[in-house]
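We use all heavy atoms of the structure for the numbers below, so side chains are in, but hydrogens, waters and symmetry mates are not. Reminder, nothing fancy here: chain letters follow the sequence lines and each chain counts from 1.
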2 protein chains.
Amino acid sequence: MSVTARSAAKREAILHAAADLFIEKGYDKVSVDAIVQEVGGSKANIYTYFGSKEGLFKAIVAHCCEELLEPLSRADIADLSPREALNAIGCRFLSVVLAPRTIALYRLVVSESPQFPKLGQLFYEAGPEVSFQRLAAYLSQQQAMGRLRSADPKQAATQFFGMLLCYSQMRLLLAVTSPFSEEYIAALVEDAVEVFLKGYAQ
Amino acid sequence: MSVTARSAAKREAILHAAADLFIEKGYDKVSVDAIVQEVGGSKANIYTYFGSKEGLFKAIVAHCCEELLEPLSRADIADLSPREALNAIGCRFLSVVLAPRTIALYRLVVSESPQFPKLGQLFYEAGPEVSFQRLAAYLSQQQAMGRLRSADPKQAATQFFGMLLCYSQMRLLLAVTSPFSEEYIAALVEDAVEVFLKGYAQ
DNA sequence: TATGGTATGTACTGTACAGTACAGTATTAA
DNA sequence: TTAATACTGTACTGTACAGTACATACCATA
């Protein structure tokens, strides 16, 4: 291994081990010593690679946002019928956003966003916002084709995702339920699509 | 002041001062000494009245849930038409749940619910759940009267609130926007009511 | 005005933690 | 083999904090 690849690997190892800890326990409940113990090696690494606990935390959140929310930017629905498109994007969105690790990341970002406001923005733009924009673009196109009544497409998109997400996400965040199955998610989406299509029919 | 009223007043004073601090900064970022400094008096009070920092925290969250979410259990919509009822309950719900202090409380509860699972339950049952149940009961009654198509009323209720709430609440939680005006809220509700009524028309 | 519960101030204990220092060891590249 | 770079282990500093102890001051009530 080259000398640069060596340090890159170490950096990665820290990033991954610390990500698991932060996502599981939260920022304040994880000490730098605990991270060192998990990843092995020495405390000095963390400070040479990330400067501070805060620097490490920010790097991790950025990394996890990309990693966890990336599937949201790969949905291609342009050529589908409204029902198919809403079903497809809805299922993908929900199964990403309700995944236990995403919920834990969201909880973490929400907790720390008053202290580190950039993180909230980062999460929002890497995840929800891309989905909203994508669906809004699709809806706008369908409106132009006369397949849906005309209305603010961005708002319609947020209504659709809200209808899907809000209740289940809230219950997961408040720890009043356990994670959901794919079948349950699919049923949620079916019902919401039904209401949305009727609500926005031409 | 009687001797018991004296201590009750002290207890109240602690509760209020500490509530503001916890809601503003979060559980870990507020030291017991900081609370004492805010409320005046001595540290011993806190430990005689609440036993521990954790005990104080739980008392505060319970108190704030009642205080902030109480308006949700006072909506009376039984005799209104669907459009009026949805508008009324929607506006009330949103103006409570999107209020800055409610958002801060929700953030706090979400942050700490892995550590104190009862708090999540408490919040959920004092707030969202009563609204869901209330609207579900109304919808069920309207379905029986043939004014709405028949469908799972609880699910329909959560869809309605989700449509209203999800996007705006998320943006507040992630600190990517500033609080909303009553007019903005009213407009959100109008649009959601429109979609909901079409979606659940007989 | 004497008494008992209540409040205050201050000082203390033990612990946990972020961040630093540094001497020594491993690994790579010439 | 040598020099440069990166990694390790351990020990340390300073600080912040939860919780305790206690002596003193307050105040309602009888």
Side-chain angles (χ1 to χ4, degrees), chain A residues 1-62 108 111-112 114-116 118-119, chain B residues 1-62 108 111-112 114-116 118-119:
Chain A
M1 208 191 305
S2 79
V3 76
T4 56
R6 220 176 121 215
S7 49
K10 193 74 208 181
R11 195 177 182 281
E12 278 287 294
I14 294 169
L15 215 51
H16 279 88
D20 290 348
L21 286 172
F22 279 135
I23 284 181
E24 188 194 348
K25 296 181 200 276
Y27 181 69
D28 293 300
K29 306 264 173 350
V30 174
S31 70
V32 176
D33 289 292
I35 297 167
V36 170
Q37 192 161 15
E38 185 67 27
V39 75
S42 161
K43 214 170 173 177
N45 293 318
I46 288 176
Y47 288 90
T48 55
Y49 288 124
F50 301 99
S52 64
K53 187 186 180 185
E54 188 179 321
L56 172 59
F57 181 66
K58 287 178 177 168
I60 282 170
V61 172
L108 191 59
S111 304
E112 304 303 328
Q115 214 190 343
F116 309 126
K118 281 185 192 164
L119 294 185
Chain B
M1 207 189 307
S2 80
V3 77
T4 55
R6 220 177 119 216
S7 50
K10 194 74 209 180
R11 195 177 182 280
E12 278 287 293
I14 294 169
L15 216 50
H16 279 87
D20 290 347
L21 287 172
F22 279 135
I23 284 181
E24 189 193 347
K25 297 179 198 277
Y27 181 69
D28 293 300
K29 306 259 173 354
V30 175
S31 70
V32 176
D33 289 293
I35 296 168
V36 171
Q37 193 160 14
E38 186 68 27
V39 76
S42 161
K43 213 169 172 178
N45 293 318
I46 288 177
Y47 287 91
T48 55
Y49 287 123
F50 301 98
S52 64
K53 186 185 180 185
E54 188 178 322
L56 172 58
F57 181 65
K58 286 179 177 168
I60 283 171
V61 172
L108 191 59
S111 305
E112 303 303 329
Q115 213 190 343
F116 308 127
K118 280 183 193 165
L119 294 186

Residue closer to the 5' end of DNA chain D, Ala44(A) versus Ala44(B) (nearest nucleotide): Ala44(A)
Distance under 6.0 Å and angle within 45° of ring axis: Lys53(B) vs Tyr27(B): yes
Ile46(B) CD1 - dA7(C) P separation (whole Å): 12 Å
Separation of dT8(C) C1' from Gln37(B) CD (nearest whole Å): 15 Å
Inter-residue atom distance Leu119(B).CG - Ile60(B).CD1, 0.5 Å rounding: 11.0 Å
Atom pair distance, as rounded to whole Å: NZ in Lys10(B) and C1' in dA25(D): 14 Å
CD (Glu12(A)) with more than 12 external heavy atoms under 6.0 Å: yes
Smallest separation among heavy atoms of Val36(A) and Gly41(A), with atom names: CG1-O, 3.5 Å
Any Asn45(A) side-chain nitrogen or oxygen under 4.0 Å from OP1 or OP2 of dT8(D): yes
Lys29(A) vs Asp28(B), side chain to side chain contact (heavy atoms under 4.5 Å, CB included): CA-CA, chis, key distance, verdict: CA-CA 9 Å; Lys29(A) 306 264 173 350; Asp28(B) 293 300; 3.0 Å; yes
Pairwise distance OH(Tyr49(B)) to NZ(Lys10(B)) - rounded to 0.5 angstrom: 8.5 Å
Contact list for DNA chain C against residues 13-26 of chain A - heavy-atom distance below 4.0 Å: none
Gln115(A), CD: over 12 other non-hydrogen atoms inside 6.0 angstrom: yes
Atom pairs, N/O to N/O, protein against nucleotides 16-18 of chain D, distance under 3.5 Å?
{"from": "dA18(D)", "atom 1": "OP1", "to": "Lys53(B)", "atom 2": "NZ", "distance (Å)": "2.8"}
{"from": "dA18(D)", "atom 1": "OP2", "to": "Val32(B)", "atom 2": "N", "distance (Å)": "2.8"}

Side-chain donor/acceptor of Asn45(B) to backbone N/O of Ser42(B), under 3.5 Å: yes
Tyr49(B) OH to dG19(D) C1', straight-line distance once rounded to whole Å: 18 Å
